2 protein chains.
Amino acid sequence: MCDSDAVTDPPTLRERKKRATREALQAAALRLALERGPDNVRVEEIAQAAGVSTRTYNNYFPSREQAIVAGVAADRAAGVAAAVLARPAGVGLADAVVEAVVGLYADPGDQPPAALLMIAASPTLRDCYVEAVTTFEEPLAGAVTTRCPGVGPLAARVLAAAVGAAARVALRQWLHGTGEVPSMAGFVVPPAPLPDFVRAALLPLAPALDAAAS
Amino acid sequence: MCDSDAVTDPPTLRERKKRATREALQAAALRLALERGPDNVRVEEIAQAAGVSTRTYNNYFPSREQAIVAGVAADRAAGVAAAVLARPAGVGLADAVVEAVVGLYADPGDQPPAALLMIAASPTLRDCYVEAVTTFEEPLAGAVTTRCPGVGPLAARVLAAAVGAAARVALRQWLHGTGEVPSMAGFVVPPAPLPDFVRAALLPLAPALDAAAS
DNA sequence: ACGCAAAATTGCGTGCACGCAAAAATATGC
DNA sequence: GCATATTTTTGCGTGCACGCAATTTTGCGT
């Protein structure tokens, strides 16, 4: 947090390689999972597809599920803090936070829609995807203190954690309904758009956010 | 949730035996962990001490850490909902919830203080203990809807999850400071009593809780 | 008391995560 | 350019969680 604004020095070779293997692993894991189904992918195959040993694979991801999910969920999370700070100073904290989080799930993203379907179908992947929102929380807390220096570090952490919890609830609910979609006839209307779900889940926290900003 | 108030029928033999083995496993796990240190306890030993196979042990607990921690954390959680409902109807939702959660960590409990020290010392056990507060959340949501029928199920879930998140933050902070206690001279003043920590962490959520109760 | 259905326990096999220490790759000072 | 310190990769060994199917235990109706 005291990084001031280190301009991300010339990316040393080490970091570039690390990033490369991480992305290779993510891509391989997701691709294989989509091809064969999540349960028919052995860790050894993921590592082999990325050109590393299984041990190094485990140096990057603590579980097979995270390797599969990381690509679709992790990077988007990094944008939340920036989105909060980007809102004009006039709007309240609650609005800023809610819109920032909603914005994350608003656009279709660059991921194939099949990925979300697969994640929704597998309980293990669902849990992993839902728990990935934790990535938001620390940067969000930072953004909150930056925007409203009066809130104090504890309150910021608590509010960020609360927002994360609400997002988890919303995701869980939405994925729960989405997972069983291809059931009957072609009437597979997604029960409700995700952003609306997130907004509804975040709504009860608005009073707390606005009250803290004073 | 539609159990109305089933008066916990005559506990059938099966349930009694299940409860017995579960408690035996908890007790054995905690005892062995305290004796030898958490890392020097093999699952097989826990199972053997409880008189069951390692496979049945895994039918009761999904991880060794949970077996050790469950005894000190799980049962207390069950009381939260009751505590919320026990508060007189006059006090606001926020006060009721906060006091209920604080009350959980207020009394020393029937557990040896060494247990908490051990948990605080081991990162793995800490995480497990912290994550155990999730047990609160569903009953808490139920209690909230019972107390304030106007809040709607989604809001109740969100608020309960937010409270759980705040409690996790408080626990994490407190355990982090407590873990390194036996460092220098005998001046090992616990940085601050846990209840105060919890109260402080729950404070920022009060506006949301009170606003929902209307 | 008997027998059948439901549920729990058990053993086995498999895949996985991770600690540890050696080896390879990369950065840094001279 | 070369030697050295730091970091990353890798292989190996260990312990663990869990699916599956057979077996034992419990519940309940007759």
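Just so it is clear, the structure is predicted and the values come from calculations on it, not from any experiment. Proteins get letters first, then strands, A, B, ... in listed order; numbering begins at 1 in each. Hydrogens, waters and symmetry mates play no part in the numbers below; they use all other heavy atoms, side chains included.
A salt bridge does not link A:Glu15 to A:Arg19: none of the charged side-chain nitrogens sits closer than 4.0 Å to a carboxylate oxygen. A salt bridge links B:Glu99 with B:Arg199: the closest approach of a Lys/Arg side-chain nitrogen to an acidic carboxylate oxygen falls below 4.0 angstrom. Electrostatic pairing of A:Glu137 and A:Arg168 counts as a salt bridge here, judged by a charged N lying under 4.0 Å from a carboxylate O. A salt bridge is defined here as a Lys NZ or Arg NE, NH1 or NH2 lying under 4.0 Å from an Asp or Glu carboxylate O, and A:Glu45 with A:Arg64 fails to meet this definition.
Distance CD (A:Glu44) to P (D:dT10): 13 Å, rounded to an integer number of Å. The interatomic distance linking B:Glu15 (CD) with C:dA6 (P) rounds to 18 Å, in whole Å. In this entry the distance linking CZ of A:Arg16 with C1' of D:dT7 reads 16 Å, nearest Å. Here C:dG13 presents its P atom at 17 Å from CG of B:Asn58, a figure rounded to the nearest Å. Separating the CG atom of A:Asp39 from the C1' atom of C:dC16 is a distance of 14 Å, rounded to the nearest angstrom. One atom, CD1 of B:Ile68, and another, P of D:dA17, lie 10 Å apart when rounded to the nearest Å. Protein atom CZ of A:Arg22 is 17 Å distant from nucleotide atom P of D:dT7, rounded to whole Å. Distance B:Arg64 CZ to C:dG19 P: 12 Å, rounded to the nearest Å.
Considering all non-hydrogen atoms of both residues, A:Ala166 and A:Leu202 come closest at CB-CD1, 3.3 Å.
Remark: the backbone N or O of B:His176 is not paired with any side-chain donor or acceptor of B:Arg126 at under 3.5 angstrom. For A:Thr21 (side chain) and A:Lys18 (main-chain N/O), a donor-acceptor pair under 3.5 Å exists by modelled atom type. The backbone N or O of B:Thr56 sits less than 3.5 Å from a side-chain atom of B:Ser53, completing a donor-acceptor pair.
Among residues two or more places apart in sequence or in another chain, the side-chain hydrogen bond (donor to acceptor under 3.5 Å, both in side chains) test is passed with A:Thr146 by none.
Each end of the helix from C:dA1-D:dT30 to C:dC30-D:dG1 yields a helix axis from five base pairs, and these two axes differ in direction by 30° (to the nearest 10 degrees).
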Is there any protein nitrogen or oxygen under 3.5 Å from a nitrogen or oxygen in nucleotides 8-12 of chain C, and what are the pairs?
unit_1: C:dT9; atom_1: OP1; unit_2: B:Tyr60; atom_2: OH; d: 2.9
unit_1: C:dT9; atom_1: OP2; unit_2: B:Tyr60; atom_2: OH; d: 3.4
unit_1: C:dT10; atom_1: OP2; unit_2: B:Ser53; atom_2: N; d: 2.9
unit_1: C:dT10; atom_1: OP2; unit_2: B:Ser53; atom_2: OG; d: 3.3
unit_1: C:dT10; atom_1: OP2; unit_2: B:Thr56; atom_2: OG1; d: 2.4
unit_1: C:dT10; atom_1: O5'; unit_2: B:Ser53; atom_2: OG; d: 3.4
unit_1: C:dG11; atom_1: O6; unit_2: B:Arg55; atom_2: NE; d: 3.3

